[in-house]
Amino acid sequence: MKKIIQMIAVLLISHTMQAQLIVPPDGGNKKAMVGERIGITDVTIHYDRPGVKGREGKIWGTLIPTGYNYLGFGNSKEAPWRAGANENTTIEFSTDVMINGQKLPAGKYGFFIAYDPNESTLIFSKNSVSWGSFFYDKNEDALRVKAKPVAISESKEWLEYAFTNEKENSAEVDLSWEKLKIPFTVEVDLIATQLESFRNELRNSKGFMWEPWSQAAQWCLQHNVNLDQALIWSDTATSQIFGGDKDFSAWSTKAQILSKLGRTTEADVIMQKALPYANEFQLHQYGRELLQAKKLKEAYNVFKMNYDAYPSDFATIMGMARVNSAMGKYDEALKFVNSALKIAPNEANKKLLQDMVEKLKNKKDIN
């Protein structure tokens with residue numbers, strides 16, 4: 001009978017715990033979440049925000065003691081600060097990262113800080129499910145790094161995590177509270193993570209369409225990395241199997257990769273093959289690229305092809321004006337500018353064209 005009563009008591013307690021309604025956390029602390037994508041790496045922080053609540057000057061070194069301490073509960077005799085309130089502050093990375101220059105694998109971590117006014121210790125623990133740091137165990141540490149606290153002029157009432165100094169492959173994470181912030185840098189290997197992602201994605205359903213193959217090849221081209229494999233990816237993109245064999249952008253990407261690899265003759269042949277697949281905008285852009293590269297004869301042929309197909313369009317008329325000007329044929333260029341002036345889409349274009357008219361009359365290039 002005694003065992004039955006004990007069992008019923010356990011069940012009642014369990015049921016009561018499961019039946020708790022959602023209410024704000026005790027003590028008026030606020031729950032918060034902040035995240036940012038660095039490159040293709042998602043960084044997410046969950047934390048509780050304590051308030052200063054009139055305790056100015058008594059936060060750092062008092063409410064948050066220096067170093068490691070026994071908190072009067074739990075089995076940790078050397079507990080760091082929980083870097084927030086209530087449950088563990090957690091920080092999660094979707095790929096491997098570098099924290100202040102030190103490697104940390106992808107995963108979700110409990111985040112703790114051993115505060116010191118000169119140099120604090122940031123702790124990323126493999127245990128992300130505890131309540132505070134009462135049961136902190138240094139054997140569960142995945143990484144410890146040093147960070148220097150920085151004084152801030154404006155007092156921060158509620159503890160806050162924020163991403164600052166964002167770059168393509170890194171961001172600074174600032175923990176700010178009262179008149180102090182503790183910053184650390186999260187950095188990703190953008191090239192390595194992106195290439196790994198491409199290789200994985202191209203093995204699933206996305207790999208049955210030409211566009212993802214071309215997108216991956218184009219990204220490598222823009223970043224001047226992995227060009228040999230990018231050429232293979234562009235071969236797949238332009239194959240008949242996946243449907244990119246009649247797309248100008250896919251062929252253009254392949255040609256640019258070949259050019260980067262020093263295979264310019266092959267690149268030129270491919271671009272000639274691709275021209276019939278280009279639309280008006282693509283031809284115009286390609287003509288501008290040739291113009292910038294001082295390939296005037298090739299640029300003229302492209303602009304002329306576009307003009308013959310769309311003789312009444314503003315862009316194609318301006319293409320002929322620019323290439324003739326670049327070739328020193330100022331009178332011919334002036335004819336096209338005057339034609340464009342009649343169909344200029346707005347006042348800004350008219351002003352630009354009027355300036356071009358004056359330049360060409362004075363035998364000056366408009367490019």
Side-chain angles (χ1 to χ4, degrees), residues 36-42 94-97 166-171 187-295 298-299 301-303 305-306 309-310 315-316 319 322-323:
E36 182 141 327
R37 179 166 289 186
I38 304 172
I40 61 169
T41 301
D42 290 327
S94 63
T95 73
D96 297 350
V97 297
E166 295 92 338
K167 298 178 183 177
E168 186 181 34
N169 68 330
S170 67
E187 184 178 357
V188 301
D189 187 334
L190 178 60
I191 300 299
T193 54
Q194 184 63 80
L195 292 177
E196 182 182 5
S197 178
F198 283 153
R199 291 172 185 131
N200 288 332
E201 288 191 279
L202 291 173
R203 296 171 64 184
N204 64 32
S205 59
K206 295 177 183 178
F208 291 92
M209 298 173 285
W210 70 265
E211 291 90 346
W213 294 95
S214 187
Q215 182 185 5
Q218 181 65 33
W219 190 91
C220 292
L221 174 66
Q222 291 171 348
H223 291 80
N224 197 30
V225 296
N226 197 47
L227 294 180
D228 289 324
Q229 186 171 33
L231 182 58
I232 296 172
W233 289 344
S234 68
D235 286 339
T236 303
T238 54
S239 68
Q240 290 183 337
I241 297 174
F242 296 114
D245 58 312
K246 289 183 170 56
D247 186 87
F248 176 80
S249 63
W251 285 108
S252 176
T253 296
K254 181 175 181 177
Q256 290 177 74
I257 293 171
L258 284 167
S259 183
K260 281 264 189 181
L261 291 171
R263 296 160 63 177
T264 53
T265 301
E266 293 175 71
D268 291 341
V269 170
I270 283 178
M271 285 308 298
Q272 289 303 310
K273 177 181 179 179
L275 287 178
Y277 306 136
N279 59 34
E280 179 184 359
F281 174 77
Q282 289 170 328
L283 274 180
H284 184 77
Q285 287 301 110
Y286 180 50
R288 292 294 297 267
E289 290 170 13
L290 291 171
L291 205 57
Q292 290 174 0
K294 306 299 182 184
K295 296 182 177 181
E298 295 88 339
N301 291 337
V302 170
F303 282 125
M305 178 188 295
N306 216 16
Y310 307 97
T316 62
R322 288 189 178 280
V323 73

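Interatomic distance, Ile191 CD1 to Glu196 CD, rounded to the nearest 0.5 Å: 13.5 Å. Atom CD1 of Ile232 and atom CH2 of Trp213 lie 9.5 Å apart (nearest 0.5 Å). To the nearest 0.5 Å, atoms CZ (Arg37) and OG1 (Thr41) are separated by 8.5 Å. Rounding to the nearest 0.5 angstrom, the gap separating the CD1 atom in Ile270 from the CG atom in Leu258 is 5.0 Å. Rounding to the nearest 0.5 Å places CG of Leu283 at 14.0 Å from CZ of Arg288. Separation of atoms NZ (Lys254) and CG (Asp235) is listed at 4.0 Å; rounding is to 0.5 Å.
Closest heavy-atom contact between Met271 and Ser252: SD-CA, 3.7 Å. Summarising the geometry of Ala299 relative to Gly287, their closest heavy-atom pair is CB-O, 3.9 Å, with the distance given to 0.1 Å. Shortest non-hydrogen contact noted between Ser214 and Ala250 is OG-CA, 3.7 Å. What you find for Phe248 and Ala274 is that their closest heavy atoms are CD1-O, 3.3 Å. When all heavy atoms of Lys273 and Pro276 are compared, the pair lying nearest together is O-CD, 3.3 Å. Of all heavy-atom pairs between Glu280 and Asn306, the closest is O-ND2, 3.0 Å.
Between Trp233 and the options Gln215, Gln218, Arg199, a side-chain contact (heavy atoms from CB on, under 4.5 Å) holds for only Arg199. Between Thr193 and the options Thr95, Ile38, Val97, a side-chain contact (heavy atoms from CB on, under 4.5 Å) holds for only Thr95.
Not counting sequence neighbours, Trp210 has no partner by the ring-ring contact (aromatic ring centres under 6.0 Å, His included) test. Considering only residues two or more places apart in sequence or on other chains, Lys206 meets the salt bridge (Lys or Arg N to Asp or Glu O under 4.0 Å) condition with Glu201.
Looking at Ser259, its side chain never comes within 3.5 Å of a backbone N or O of Gln256 through a donor-acceptor pair. Although no hydrogens or angles enter the test, the distance criterion places a donor-acceptor pair under 3.5 Å between the side chain of Ser94 and the main chain of Asp42. Remark: side-chain polar atoms of Asn226 are not paired, donor with acceptor, to backbone N or O of Gln229 under 3.5 angstrom. Using a distance-only test at 3.5 Å, with no hydrogens or angles considered, a donor-acceptor pair links the side chain of Gln282 to the main chain of Asn279.
Looking at Thr316 and His284, their side chains never come closer than 4.5 Å, going by heavy atoms from C-beta outward.
Residue pairs meeting the side chain to side chain donor-acceptor pair (under 3.5 Å) criterion with at least one member in residues 238-251, sequence neighbours excluded: Asp247-Ser249.
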Given Trp219 and Gln194, is the side-chain contact (heavy atoms from CB on, under 4.5 Å) satisfied, shown in steps?
CA-CA 9 Å; Trp219 190 91; Gln194 184 63 80; 3.6 Å; yes
Given the rule in the salt bridge (charged side-chain N to carboxylate O under 4.0 Å, His left out) test, do Glu298 and Lys295 qualify, once you have shown the distances and angles that lead to the verdict?
CA-CA 6 Å; Glu298 295 88 339; Lys295 296 182 177 181; 5.9 Å; no
